[in-house]
Amino acid sequence: MPSKILDGKALAQLAEEDIKLSVSKLKENGITPTLATILVGVDPASATYVKMKQNACARLGMESIAVELSKDTTTQELLKVIEKLNNDSKIHGILLQHPVPSQIDERKCFDSINVEKDVDGVTCIGFGQMTMGEDAYGSCTPAGIMRILDHYKIEISGKNAVVIGRSPILGKPMAMMLLNKNATVTICHSKTKNLKDHIKKADILVGAVGVPRLIQKDWIKDSAVVIDAGYHPVEKCGDIDLEGIDSIASAHTPVPGGVGPMTINTLIFNTLLAAQKLI
Ligand code: NAP
């Protein structure tokens with residue numbers, strides 16, 4: 001049987017219909033869900049991602065406030081901007097686009113975001129709460145992946161899940177979310193020996209490496225569920241070699257149109273949830 005396509009784009013479109021309805025109900029109560037986006041510097045890819053998030057807000061009747069800062073911004077200056085947004089009752093969610101220029105202490109700035117407005121799930125407190133199964137917005141890319149798995153009724157409990165990558169916004173929270181759903185989780189990274197052998201054991205495989213087609217299709221276990229979080233616009237591929245995946249996987253996310261649209265949708269959904277908490 002050909003591998004089932006886990007269509008993140010279609011799922012995001014479906015979810016948008018519900019979000020739109022909820023936004024108009026909130027507006028009737030005098031609340032317009034509002035996301036503040038902070039872009040530091042001129043990285044074109046980051047600017048595109050921020051624009052896509054702002055466009056999603058506009059499409060769904062939500063507000064977005066764009067804060068654009070110069071590439072020379074200091075940590076102190078960025079902290080002040082975040083503090084102002086934290087104290088602004090009209091702002092429900094704050095997105096600090098990653099990565100920021102290297103002179104900035106990104107972790108310190110992420111952690112200065114009020115956890116109630118941490119709709120992108122980047123703070124240590126949010127990560128800790130999510131890991132402990134407490135109420136928190138999980139990091140958007142892994143949380144979006146969990147929504148895909150849930151929608152397509154992919155069984156997680158008792159499965160061997162292998163996550164390739166351990167970044168704070170993707171690999172680590174992904175592993176914790178799968179663990180919380182009772183998967184047996186292996187996290188691989190750049191120092192992992194015999195990567196292939198770990199991948200071969202994966203019932204659920206998540207590529208979150210940032211290296212085009214690093215993961216070869218002949219390393220993948222028969223009937224595995226394959227999630228590719230990577231996207232490389234130049235090579236037009238993800239982190240996994242998906243050519244011919246049909247004959248191997250039981251289900252997979254396409255690139256593009258898999259994980260990416262659900263990342264944005266999850267950010268918007270979380271902003272809606274943050275606004276809904278006010279009524
Ligand atoms: P990152 O911060 O660069 O982390 C990459 C991770 O991969 C690190 O943990 C690194 O290990 C590991 N790694 C690198 N080379 C490896 C190798 N040869 N073997 C095994 N592990 C290796 O990247 P990221 O932000 O997590 O992003 C990962 C990918 O996801 C990228 O393609 C990015 O574009 C994509 N992404 C997509 C979305 C979306 O919305 N779709 C959102 C975020 C990211 P060490 O820790 O040992 O260095």
Side-chain angles (χ1 to χ4, degrees), residues 6-12 15 35 37 39 43-56 95-102 106-107 110 119-122 127 137-149 161-178 185-202 205-216 219-220 226-242 252-270:
L6 306 177
D7 190 337
K9 192 173 171 193
L11 182 53
L35 174 71
T37 62
L39 177 65
D43 175 50
S46 293
T48 303
Y49 290 136
V50 168
K51 191 83 207 142
M52 288 163 81
K53 292 161 188 175
Q54 291 164 346
N55 289 346
L95 163 86
L96 170 57
Q97 184 63 40
H98 162 85
V100 294
S102 58
E106 185 180 74
R107 176 45 46 209
F110 274 155
V119 290
D120 200 26
V122 293
F127 175 82
Y137 306 109
S139 177
C140 286
T141 304
I145 291 172
M146 295 306 285
R147 289 172 69 205
I148 293 175
L149 295 175
V162 178
V163 181
I164 320 295
R166 57 172 168 181
S167 72
I169 58 156
L170 184 42
K172 268 184 202 155
M174 182 80 258
M176 292 305 123
M177 289 177 196
L178 289 163
V185 182
T186 303
I187 308 174
C188 300
H189 45 79
S190 66
K191 307 290 184 293
T192 297
K193 303 253 190 307
N194 306 319
L195 186 63
K196 246 196 267 194
D197 296 345
H198 293 287
I199 290 174
K200 215 43 191 175
K201 292 185 187 127
L205 173 67
V206 182
V209 206
V211 181
R213 295 194 192 93
L214 175 87
I215 299 159
Q216 303 293 302
W219 302 354
I220 299 171
V226 174
I227 307 292
D228 193 343
Y231 181 54
H232 307 282
V234 177
E235 298 82 354
K236 298 209 180 325
C237 69
D239 294 344
I240 302 177
D241 179 12
L242 292 174
H252 71 279
T253 53
V255 177
V259 172
M262 283 306 287
T263 298
I264 295 179
N265 188 270
T266 301
L267 175 77
I268 302 302
F269 182 59
N270 287 347

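Counting convention: from 1, in listed order, for ligands and their atoms alike. Here the structure is a predicted model, which is why all the values come from computation and not from measurement. Residue numbers count from 1 along this sequence.
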Using modelled atom types only, decide if a donor and an acceptor are shared between the side chain of [X] and the backbone of [Y] within a distance under 3.5 Å.
{"X": "Lys200", "Y": "Ile220", "answer": "yes"}
{"X": "Asp43", "Y": "Ser46", "answer": "yes"}
{"X": "Thr253", "Y": "Asp228", "answer": "yes"}

Exercise. Determine whether any heavy atom of Gly171 lies closer than 4.0 Å to an atom of ligand 1.
Key: no
Quiz item: Should His98 be counted as touching ligand 1, given the test is an N or O pair under 3.5 Å?
Solution: no
Quiz item: Is there a nitrogen or oxygen of Lys191 sitting under 3.5 Å from a nitrogen or oxygen of ligand 1?
Solution: no
Which residue and atom name correspond to the protein heavy atom nearest [atom], and how close is it?
{"atom": "atom 40 (O) of ligand 1", "value": "Thr263 OG1, 3.0 Å"}
{"atom": "atom 20 (C) of ligand 1", "value": "His189 O, 3.1 Å"}
{"atom": "atom 16 (C) of ligand 1", "value": "Val209 CG1, 3.4 Å"}
{"atom": "atom 17 (C) of ligand 1", "value": "Leu214 CD2, 3.9 Å"}
{"atom": "atom 42 (C) of ligand 1", "value": "Thr141 OG1, 3.1 Å"}
{"atom": "atom 9 (O) of ligand 1", "value": "Arg166 N, 2.8 Å"}
{"atom": "atom 36 (N) of ligand 1", "value": "Ala229 O, 3.5 Å"}
{"atom": "atom 44 (C) of ligand 1", "value": "Leu170 CD2, 3.7 Å"}

Looking at side-chain heavy atoms only, is the closest gap between [X] and [Y] below 4.5 Å?
{"X": "Val259", "Y": "Thr141", "value": "yes"}
{"X": "Val185", "Y": "Ile187", "value": "yes"}
{"X": "Asp120", "Y": "Phe110", "value": "no"}

Exercise. Compare Ala45, Gly207, Ser167 and give the one whose heavy atom is closest to atom 1 (P) of ligand 1.
Key: Ser167
Quiz item: Should one rank Ser190, Cys140, Gly210 by closest heavy-atom distance to atom 29 (C) of ligand 1, which comes out on top?
Solution: Gly210
Quiz prompt | Heavy atom of protein inside 4.0 Å of atom 33 (C) of ligand 1, strictly below | solution = no
Which atoms from ligand 1 have a heavy atom of [X] less than 4.0 Å away?
{"X": "Asp239", "answer": "29 (C), 32 (O)"}
{"X": "His232", "answer": "32 (O)"}
{"X": "Gly260", "answer": "41 (N)"}

List the atom pairs, donor and acceptor, that lie under 3.5 Å between side-chain atoms in residues 229-242 and the rest of the protein, sequence neighbours left out.
{"from": "His232", "atom 1": "NE2", "to": "Asp239", "atom 2": "OD1", "distance (Å)": "2.6"}
{"from": "Asp239", "atom 1": "OD1", "to": "Gly210", "atom 2": "N", "distance (Å)": "3.3"}
{"from": "Asp239", "atom 1": "OD1", "to": "Val211", "atom 2": "N", "distance (Å)": "3.4"}
{"from": "Asp239", "atom 1": "OD2", "to": "Val209", "atom 2": "N", "distance (Å)": "2.7"}
{"from": "Asp239", "atom 1": "OD2", "to": "Gly210", "atom 2": "N", "distance (Å)": "3.0"}
{"from": "Asp241", "atom 1": "OD1", "to": "Glu243", "atom 2": "N", "distance (Å)": "3.3"}
{"from": "Asp241", "atom 1": "OD2", "to": "Lys217", "atom 2": "NZ", "distance (Å)": "3.4"}

Distance (rounded to the nearest 0.5 Å) between [X] [atom1] and [Y] [atom2]:
{"X": "Lys196", "Y": "Ile199", "atom1": "NZ", "atom2": "CD1", "answer": "10.0 Å"}
{"X": "Gln54", "Y": "Thr37", "atom1": "CD", "atom2": "OG1", "answer": "4.0 Å"}
{"X": "Ser139", "Y": "Leu267", "atom1": "OG", "atom2": "CG", "answer": "10.0 Å"}

Donor-acceptor pairs under 3.5 angstrom involving side-chain atoms of residues 165-178: please list them, not counting sequence neighbours.
{"from": "Ser167", "atom 1": "OG", "to": "Leu170", "atom 2": "N", "distance (Å)": "3.2"}

